[in-house]
Undergrad: 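Structure below; questions to follow.
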Amino acid sequence: MEDSTQTIDSEPATDATEAPSTISVAGAQPSIAPADDSDQLTVTLGEFEGPLDLLLYLIRQEQVNIYDIPIARITDEYLRYLQLMKELDLTVAGDFLVMAAQLIELKSRMLLPRDPLATEEEIEDPRTELINRLLEHEKFKAAAQMLWSRATVEHAVFTRAEIETDKNNPEVAVGLFDLLRVFQEILARHKEEVMLEIEREEVTMAEMLDRLRNMVRSAGEVNLLRFFEQARSRRELVVAFLSVLELVRLSEISLRQRETFGEITAQAVPAV
Amino acid sequence: MSNKAKAAKADDDQVEVAESADSEIIGERSISDAELKSIAEALIFVADEPINPKMIADVVKVDRNAVERVLSELVSEYEDGKGGLQLREIAGGYQIATRPEFHEHVRAYLKSKPSAKLSLASLETLAVIAYRQPVTVPEILEIRGVQSPSAIKTLLDKRLIVAKGRKETVGRPMMYGTSKEFLIQFGLKDLTELPSIEDFQDLAGGTE
């Protein structure tokens with residue numbers, strides 16, 4: 001029971017909704033509220049961190065002396081609480097069940113008659129161990145409270161913000177010359193990029209049209225296979241093909257194929 | 001290390017007036033207590049973490065006792081003063097911080113909200129670890145009566161506790177103890193400043 005709030009499915013919770021009115025354990029007030037998601041219900045059982053916490057709570061509620069716990073009464077309350085958890089269909093953590101078993105064992109040992117031969121010192125209260133554990137637990141709860149208040153005070157104290165030094169911010173650890181050097185590097189890189197661009201220059205459509213026109217004009221007849229082979233890239237090939245179509249459309253050239261599947265040649269169309 | 005480096009830088013600023021600063025202060029006598037006190041205050045101010053007398057002594061190259069002497073004077077000066085700052089001993093060192101009574105205004109300026117508090121489960125687990133360290137998970141379970149894996153994870157994440165090796169017993173469980181961050185977060189000089197766990201006895205028994 002690390003968390004005292006659990007979410008359960010709506011189906012088993014339908015009968016559990018009546019539980020708060022029928023079951024009240026030592027004044028504990030469990031509540032059931034629909035969560036934002038309508039299929040789920042949130043069940044709050046109180047702030048119990050574990051079986052020891054629950055026991056301490058019950059002891060307080062019953063206003064009994066921690067050094068003289070009425071085991072039978074407290075055990076009953078404890079078991080009723082576990083019952084409530086079951087009715088709410090919560091998984092009862094193993095820790096709670098272990099404590100229940102210990103309480104019942106304690107209860108039965110309390111019922112046993114004392115050894116009539118034992119001296120006063122020898123008679124040990126079977127509750128001692130439990131009481132010690134409860135006291136120990138309560139001490140640490142108080143210690144937790146103390147830590148909480150210390151932390152609260154400490155949250156009201158502020159130290160100065162971090163000072164920027166070379167170590168925590170190496171990026172600003174530069175002078176004017178560092179800046180200049182970086183700037184020059186950027187410039188150099190920029191130059192390289194420009195050179196690359198020239199290399200990658202592509203042939204335009206207009207250039208390709210001119211090239212085809214010149215070839216046709218100078219040779220009179222151009223084998224299209226040769227013309228396409230000049231293309232150095234896929235894009236240039238496309239441009240070359242388009243330029244052939246374009247010149248045919250403009251009636252500047254005509255295409256001729258002398259046999260089926262034979263080579264195609266382009267000739268200039270004599271001006272009218 | 002980093003603090004020393006930073007402190008050294010700050011030190012240069014301090015003694016800027018004397019150009020050959022190092023040679024001047026190597027002779028331990030040449031620094032007056034009043035001057036040492038001012039230097040110590042400056043170093044405490046710039047240090048990111050609580051700075052201890054040894055670090056100050058190493059930076060200024062003076063005797064550690066001299067540093068401790070001026071520091072106690074400095075602390076009482078801050079206590080007497082009506083300033084907004086306090087000089088306090090925390091986590092084995094010294095630190096300059098605002099006085100808690102002005103937190104409202106400081107928060108308003110910083111536009112900060114009180115940071116998320118630890119859950120009850122985490123605080124209880126932390127209390128057990130603080131008082132019983134080094135302590136193993138089963139030992140924590142014994143005292144708390146409930147498993148606390150998420151609480152231990154939270155505390156580790158917040159660096160409030162650290163692993164302190166393994167216990168030489170069955171299963172060699174990991175032992176945990178509190179960290180320096182714990183001292184800082186809870187405003188403690190050292191662990192002995194924690195109230196004795198037995199002092200809580202009265203609270204615990206007081207159910208009647």
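Residue numbering restarts at 1 for every chain, and letters A, B, ... go by the order of the sequence lines.
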Undergrad: Check whether B/Leu194 gets within reach of chain A through its side chain, its backbone, both or neither, counting any heavy atom under 4.5 Å.
TA: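 For B/Leu194, side-chain heavy atoms alone lie under 4.5 Å from chain A.
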Undergrad: For B/Ile143, which atoms come within 4.5 Å of any heavy atom of chain A: side chain, backbone, both, or neither?
TA: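 For B/Ile143, heavy atoms of backbone and side chain both lie under 4.5 Å from chain A.
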Undergrad: Taking side chain to side chain donor-acceptor pair (under 3.5 Å) as the test, write out the residues that go with B/Thr192, two or more places apart.
TA: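 Here the qualifying residues are B/Asp190.
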Undergrad: Look at B/Ile96, B/Val106, B/Leu110 and state which one has the largest set of heavy-atom pairs under 4.5 Å with chain A.
TA: B/Val106
Undergrad: Under 4.5 Å from any heavy atom of chain A, what part of B/Gln86 do you find: side chain, backbone, both or neither?
TA: side chain
Undergrad: Go through the atoms of B/Arg88 and report whether side chain, backbone, both or neither lie under 4.5 Å from a heavy atom of chain A.
TA: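 Interface part for B/Arg88: side chain.
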Undergrad: Taking the side chain from B/Ser179 and the backbone from B/Arg159, do they hold a donor-acceptor pair closer than 3.5 Å?
TA: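 The answer is yes, because a donor-acceptor pair under 3.5 Å joins these two groups.
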Undergrad: Could you give the distance from CG (B/Leu123) to CH2 (A/Trp148), rounded to the nearest 0.5 Å?
TA: 9.5 Å
Undergrad: Parallel, tilted or perpendicular: which fits the ring planes of B/Tyr131 and A/Phe140, with parallel below 30° and perpendicular above 60°?
TA: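 B/Tyr131 vs A/Phe140 ring planes: perpendicular.
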Undergrad: Please enumerate all residues that pass side chain to side chain donor-acceptor pair (under 3.5 Å) together with A/Asn132, with sequence neighbours excluded.
TA: none
Undergrad: Measuring heavy-atom distances to chain A, does B/Phe102 have an atom under 4.5 Å in its side chain, in its backbone, in both, or in neither?
TA: neither
